[in-house]
Each structure stands twice: as C-alpha cells, then as structure tokens.
A.B. asks: 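Could you have a look at this structure, given as structure tokens, before my questions?
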Amino acid sequence: MIKRMTIMLCGMAILFGGLYGFQTFKEIMIRKAIGALANPPQTVSTVVAANAPWQSSLNAVGSLRAVNGADLALQVAGIVQSIEFSSGDSVTAGQTLLSLVATDDLAKLRSLQATAENYAIVLKRDEEQIKFNAVSQATVDSDRANLKNAQALVDQQKALLEQKTLKAPFSGRLGIRAVDLGQYLSAGTSIVTLQSLDPIYVDFYLPQQALTSIRIGQDVSVAVDAFPAERFTGQITAINAKVDSSSRNVQVRATLRNGEARLLPGMFAKVEIAVGKPEQVVTLPLTAIVNNSYGDLVYLVDDLHDGQGTARQMFVKTRPPKGDRVAVNDGIKPGETVVIAGQLKLRNGSPVKVDNSHVPQAEAAPDIVDQ
C-alpha cells in the first residue's frame with residue numbers, strides 16, 4: 001500500500017513538475033517573441049568617420065550691383081522727336097539716345113546768336129572810333145557789357161536745348177525702351193535703364209565678429225540661382241567704414257569679372273569667403289546630424305557583427321556645413337560607424353541592420369564649376 005502511494009505521489013510530482021516547466025518555458029518564449037516584435041532590428045545606412053581636409057569659411061547672402069547703373073530720364077518735358085537706340089544695345093559714353101522736339105528753342109537760340117553777333121560788330125566799330133575820340137570810353141564799356149550779356153544768353157539757351165537731348169552718361173548695356181516716337185514725356189519720365197556690367201559688384205553683410213577674418217583683396221566665391229552649377233570668383237574691394245547699429249553687421253563689397261555679361265544687377269547671390277588654413281577634421285554627410293531641442297546628435301553603431309549592431313546616441317559639436325558635408329569638432333572619433341539614413345526610428349540601444357547598397361555620395365561642393 002505504501003509502495004503504491006509512493007509511486008502515485010512521484011507520478012503526480014513528475015506530472016505537475018512537467019506542467020510547471022512547460023508553462024515557464026512558454027512564458028519565456030512569449031516574452032522573447034513579444035520583445036522581438038516590439039523592437040525589431042531597424043535597417044539603416046552607415047559610413048565610417050574619417051579625417052578629411054576642411055577649409056573654414058564665412059557665408060553670406062547679397063545682391064549684385066552694377067559699377068554704374070541708372071534709369072535714364074530727361075529733366076525737361078517734351079514730345080519725342082527721334083529715338084536712336086534699340087533695346088539691349090551696347091552704347092558708349094556720350095552717345096545720343098533720344099531727342100525731343102526743340103524747334104522753338106532752336107529758333108530762339110538763333111535769335112540770341114544774331115543779337116550777340118550784332119553786339120560784337122558794334123563793339124568792334126566803337127573800339128576803332130575811340131582811337132579818334134569819336135566815342136567815349138563809357139560807350140565802349142557798355143558795348144562790351146552788352147556783348148557779354150548776349151553771349152551768356154546764347155550759352156543759357158544752348159544749355160536748355162542740350163537738355164532736350166538724352167546722351168549716355170557712361171558706357172554700358174541698355175535695357176528695354178519704355179517710350180515711343182511722338183510720345184509726350186513729362187520731366188523725369190524713365191526712358192531706359194543703362195547698366196555697366198563688367199566688372200560687377202556683389203554687396204553683402206557679415207557679422208561684426210568677421211572683421212578680424214576679412215581684408216581688402218581677399219578672394220570670394222559667388223553662386224547665383226541662375227547658374228546653379230557654376231561658381232564665380234572675385235575679390236573684396238571695400239569694407240564699410242561703420243557697423244550698422246541696428247543689426248551689428250558690416251557691409252562688404254566684392255568685385256567680379258563679368259566679361260560675358262551673364263551676371264545682372266539685382267540678382268540674388270550666395271557668397272563664400274575662405275578663412276584660415278585648411279585643417280584635418282572628422283567630416284560626415286549632413287544627413288548624419290539629427291537636430292533636437294538639446295542639441296545636435298548622431299547615432300553610432302556599436303558591436304557591429306555580420307551587418308548587425310546596436311545604436312547609441314552621441315551629442316556632437318559641428319561647424320557650418322559645406323555642400324553635403326559637415327565638420328564635427330567634438331563627439332566623433334575616426335573609425336567609428338555613424339548612421340546616415342534611417343535614424344527616425346532609432347533610440348538609444350535599438351538593434352540595427354546595416355544596408356549600404358543605396359548610399360548617395362556626399363560632397364563638400366556638389367556639381368560646382370569655378371568661373
């Protein structure tokens with residue numbers, strides 16, 4: 001009887017032990033399955049951080065401005081009699097561009113010239129007669145005064161007549177004509193714009209702290225939206241003598257060669273000025289940097305084996321980017337693996353799977369042609 005009870009109790013113990021073990025094993029497997037579902041490996045792209053040459057620079061935005069540029073107009077009113085230019089023409093200084101009807105002014109000039117000639121004849125006759133005391137000195141003096149007054153009136157009328165003719169004040173290229181033959185123009189009406197295009201200025205502003213890094217004659221590089229694949233070079237030719245008290249910025253002007261006249265006044269320009277000497281620093285693609293309210297950070301991949309590893313956050317200090325790349329002053333060492341794509345789903349400790357089959361090339365100056 002006791003033997004049977006012992007066997008039965010052992011069987012029950014084995015049965016309950018098996019059931020308990022099975023339940024424990026099942027719970028462990030369920031937890032692992034749930035854990036795997038909650039935090040599956042995230043596919044990311046990476047690069048290995050390495051030192052590369054880096055040239056520090058100042059960046060600004062500005063506008064192109066002609067060395068000489070003006071909207072031409074006349075200071076007197078009148079009707080257009082002749083137009084001696086076409087839109088887009090290149091002209092030289094002093095070239096006649098437009099004339100107003102000046103018939104009345106020309107007739108008055110001839111009348112004043114005749115009067116002046118008559119006074120000159122009277123003066124010459126009286127100067128001969130005074131030799132014989134036929135006239136008084138007062139008469140000769142009066143004749144001279146009359147002649148000077150008549151000549152002054154002639155000069156005045158010539159100046160008035162000259163105001164009805166528009167001439168190019170400097171050499172350059174004309175814009176689009178804004179008036180027509182026979183049109184009545186009031187004083188100050190804009191007729192055409194004239195711009196001197198070679199060389200051309202670029203005006204921009206820099207923070208006052210940059211004054212220690214720039215100088216007259218320093219090279220600048222300029223990019224414009226009209227030619228995104230090209231870069232134009234020039235030199236700093238002027239630094240304003242004062243700092244703007246409202247913005248604490250200083251105005252700087254650089255001069256660019258523009259022989260083909262492709263750059264036009266008013267264009268938006270992005271200016272870059274190389275400062276200091278090239279350095280060897282850790283550089284990364286710009287996509288590696290994640291911005292948040294606490295600062296810039298990157299994700300490193302630790303324990304990388306067979307294309308899998310663990311993500312780790314690292315805060316970094318960076319410099320202003322150049323093209324598709326950014327220099328890292330602190331936080332990254334050469335040789336560390338950095339995530340450059342797929343960071344949005346990562347957090348500290350996330351498992352990752354590396355796939356670098358479609359990683360675009362990051363360049364400091366992509367598709368730029370120097371001019």
Side-chain angles (χ1 to χ4, degrees), residues 62-113 151-204 222-228 230 232-235 237-238 251 253-269 271 371:
S63 297
L64 297 182
R65 184 185 186 280
V67 173
N68 288 305
D71 292 332
L72 304 184
L74 291 169
Q75 59 183 342
V76 297
I79 296 174
V80 178
Q81 183 179 44
S82 64
I83 298 175
E84 301 180 32
F85 71 91
S86 298
S87 299
D89 281 353
S90 294
V91 297
T92 57
Q95 181 175 335
T96 299
L97 304 178
L98 178 143
S99 298
L100 300 180
V101 174
T103 307
D104 181 67
D105 293 297
L106 185 59
K108 187 174 182 180
L109 174 62
R110 290 171 180 168
S111 174
L112 292 173
Q113 287 175 332
Q151 289 174 336
L153 291 174
V154 169
D155 292 340
Q156 181 185 34
Q157 188 61 26
K158 285 182 178 180
L160 292 174
L161 192 61
E162 189 74 16
Q163 292 176 3
K164 293 201 170 184
T165 300
L166 178 65
K167 295 183 179 180
F170 51 85
S171 299
R173 193 170 83 183
L174 296 173
I176 296 176
R177 174 166 57 88
V179 298
D180 299 303
L181 283 174
Q183 181 178 344
Y184 175 81
L185 302 182
S186 57
T189 300
S190 180
I191 297 171
V192 67
T193 185
L194 175 61
Q195 304 290 328
S196 179
L197 300 179
D198 186 27
I200 194 168
Y201 293 144
V202 56
D203 290 344
F204 55 96
V222 177
V224 296
D225 293 339
F227 308 103
E230 298 182 43
F232 302 85
T233 57
Q235 291 76 39
T237 51
Q251 185 179 8
R253 171 172 290 175
T255 303
L256 312 175
R257 300 306 305 176
N258 191 30
E260 297 181 5
R262 294 195 296 163
L263 300 177
L264 299 179
M267 278 185 172
F268 172 81
V271 184
Q371 292 290 318

A.B. asks: Could you list the donor-acceptor pairs under 3.5 angstrom formed between side-chain atoms of residues 175-188 and any protein atom two or more places apart in sequence or on another chain?
C.D. replies:
| from | atom 1 | to | atom 2 | distance (Å) |
| --- | --- | --- | --- | --- |
| R177 | NH1 | V179 | O | 2.5 |
| R177 | NH1 | D180 | OD1 | 3.1 |
| Q183 | OE1 | D180 | N | 3.0 |
| S186 | OG | T189 | OG1 | 3.1 |

A.B. asks: Before you tell me yes or no, could you show the steps for K158 and Q113 under side-chain contact (heavy atoms from CB on, under 4.5 Å), namely the whole-Å CA-CA distance, both residues' side-chain angles and the distance that decides it to 0.1 Å?
C.D. replies: CA-CA 10 Å; K158 285 182 178 180; Q113 287 175 332; 3.8 Å; yes
A.B. asks: Indicate whether the side chain of T193 and that of Q195 have a donor and an acceptor atom separated by less than 3.5 Å.
C.D. replies: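 The criterion, which ignores hydrogens and geometry beyond distance, is satisfied for Q195 and T193.
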A.B. asks: Can you tell whether the side chains of R173 and D89 come within less than 4.0 Å, N to carboxylate O?
C.D. replies: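 Between D89 and R173 there is no salt bridge, as every charged N stays at least 4.0 Å from the carboxylate O atoms.
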A.B. asks: For Q163, give me all partners under side-chain contact (heavy atoms from CB on, under 4.5 Å), at least two apart in sequence or on another chain.
C.D. replies: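 With sequence neighbours excluded, Q163 shows a side-chain contact (heavy atoms from CB on, under 4.5 Å) to Q75, V76, L160, given in chain and number order.
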A.B. asks: Does S63 reach the main-chain N or O of F268 with its side chain, forming a donor-acceptor pair under 3.5 Å?
C.D. replies: no
A.B. asks: For the residue pair S171 / T92, report whether a side-chain donor-acceptor contact shorter than 3.5 Å exists.
C.D. replies: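 Absent: no donor and acceptor within the cut-off.
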A.B. asks: Considering all heavy atoms of both residues, which atom of P265 and which atom of I200 are nearest to each other, and what is their separation?
C.D. replies: N-CD1, 3.9 Å
A.B. asks: Set out, in order, the CA-CA distance, both residues' side-chain angles and the distance that settles side-chain contact (heavy atoms from CB on, under 4.5 Å) for Q157 and K108, then state yes or no.
C.D. replies: CA-CA 8 Å; Q157 188 61 26; K108 187 174 182 180; 3.6 Å; yes
A.B. asks: Can you tell me if N258 uses its side chain to pair, donor with acceptor, with the backbone of L263 under 3.5 Å?
C.D. replies: yes
A.B. asks: Looking at side-chain heavy atoms only, is the closest gap between I79 and L100 below 4.5 Å?
C.D. replies: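 Heavy-atom side-chain distance check fails, nothing below 4.5 Å.
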A.B. asks: Is the closest side-chain heavy-atom distance between F204 and R253 below 4.5 Å?
C.D. replies: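 Side chain of F204 against side chain of R253, heavy atoms only: no contact under 4.5 Å found.
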A.B. asks: Would you please test D105 and K164 for salt bridge (charged side-chain N to carboxylate O under 4.0 Å, His left out) and show each step?
C.D. replies: CA-CA 10 Å; D105 293 297; K164 293 201 170 184; 2.8 Å; yes
